[in-house]
> 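Sharing a structure below in structure tokens format, with a few things to ask.
Numbers restart at 1 for each chain; the letters A, B, ... are given by sequence-line order, proteins then strands.
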Amino acid sequence: SAVISQKPSRDICQRGTSLTIQCQVDSQVTMMFWYRQQPGQSLTLIATANQGSEATYESGFVIDKFPISRPNLTFSTLTVSNMSPEDSSIYLCSVPGRLLTDTQYFGPGTRLTVL
Amino acid sequence: AQSVTQPDIHITVSEGASLELRCNYSYGATPYLFWYVQSPGQGLQLLLKYFSGDTLVQGIKGFEAEFKRSQSSFNLRKPSVHWSDAAEYFCAVGGNEKLTFGTGTRLTIIP
């Protein structure tokens, strides 16, 4: 399984500002995923980030609000733009296992609180 | 479309008692099924997975799950829970490129 780290682990931000979350993997992967976990809720996929192409966003998520970068095969960033209290969530990145029958492996998450 | 239902939002059990967490899925083909645990302030840890073969799968930390195709279920069990098992448990269906999660079951352990 991959080892995944995220920065920052938590942050408290003011309304209207933006925060960039970093995700680093210890091996090269083609795909990386970004999830949001709102308080008391399950995980919802925001987007899939492929190296060398634009991210693919799920319904309800747009690039202007959640721009994603994928500069190489071990790194990605997710920016939460123009934040509001509704953006307070845990944001997690994940990478797929090597086999189709495998699962995804998750980073520790970034806990974001917007005041 | 694939989906997962975890009907129990919150379960409380006594330490040492047995545990069963329910999971029902909807999937068009043979499902790949997973259970994850999320401890307070921690990321998601994979407990076990099923993709074929023996319908009773063993996982880490003494957990097991049984796949029942006729009931579209993949319930998680543990014979004797420990205080450290208190956490949020998520069932998921899919594979390495698309996972759909249930809403989770919060497990509380009482002495």
> Answer with side chain, backbone, both or neither: which region of B:Leu44 has an atom nearer than 4.5 Å to a non-hydrogen atom of chain A?
both

> Select one option (side chain, backbone, both, neither) describing which atoms of A:Gln6 are under 4.5 Å from chain B's heavy atoms.
neither

> Do you reckon A:Val25 sits in the same ILVMFWY cluster as A:Trp34, going by side-chain contacts under 4.5 Å, direct or chained?
no

> Side chain, backbone, both or neither: which part of B:Phe101 has a non-hydrogen atom closer than 4.5 Å to chain A?
both

> Between B:Ile11 and B:Leu47, is there a shared hydrophobic cluster once you connect ILVMFWY residues whose side-chain heavy atoms come closer than 4.5 Å?
yes

> Are A:Ile90 and A:Ile46 connected, step by step, through hydrophobic side chains (Ile, Leu, Val, Met, Phe, Trp, Tyr) whose heavy atoms are closer than 4.5 Å?
no

> With a 4.5 angstrom heavy-atom cut-off, could you sort out which part of A:Leu45 is near chain B: side chain, backbone, both or neither?
neither

> Count the heavy atoms of every other residue, nucleotide or ligand shown that sit under 6.0 Å from CD of A:Glu54, and state whether that count exceeds 12.
no

> Has A:Leu115 got more than 12 heavy atoms of other residues, nucleotides or ligands less than 6.0 Å from its CG?
yes

> Transitively linked via ILVMFWY side-chain contacts under 4.5 Å: A:Tyr35 with A:Tyr91?
no

> Quick one about A:Thr103 and B:Tyr36 (side-chain donor to acceptor, distance below 3.5 Å, no hydrogens or angles considered), yes or no?
yes

> Say whether B:Phe74 and B:Leu107 are linked into one hydrophobic cluster, either directly or through other cluster members, by side-chain heavy-atom distances under 4.5 angstrom.
yes

> For the backbone of B:Gly104 and the side chain of A:Ser42, can you confirm whether one donor and one acceptor N or O come within less than 3.5 Å of each other?
no

> Are the side chains of B:Leu99 and A:Phe33 in touch, meaning some heavy atoms are under 4.5 Å apart?
no

> At a 4.5 Å cut-off on heavy atoms, which part of B:Gln38 comes close to chain A: side chain, backbone, both, or neither?
side chain

> Around atom CZ of A:Arg10, are there more than 12 heavy atoms of other residues, nucleotides or ligands at under 6.0 Å?
no

> What's the separation between atom CD in A:Gln41 and atom CD in B:Glu88, rounded to the nearest 0.5 Å?
10.0 Å

> Drop me the distance from A:Gln104's CD to B:Lys98's NZ, to the nearest 0.5 angstrom.
9.5 Å

> Could you check if a side-chain atom of B:Gln45 sits within less than 4.5 angstrom of a side-chain atom of A:Tyr105, using non-hydrogen atoms only?
no

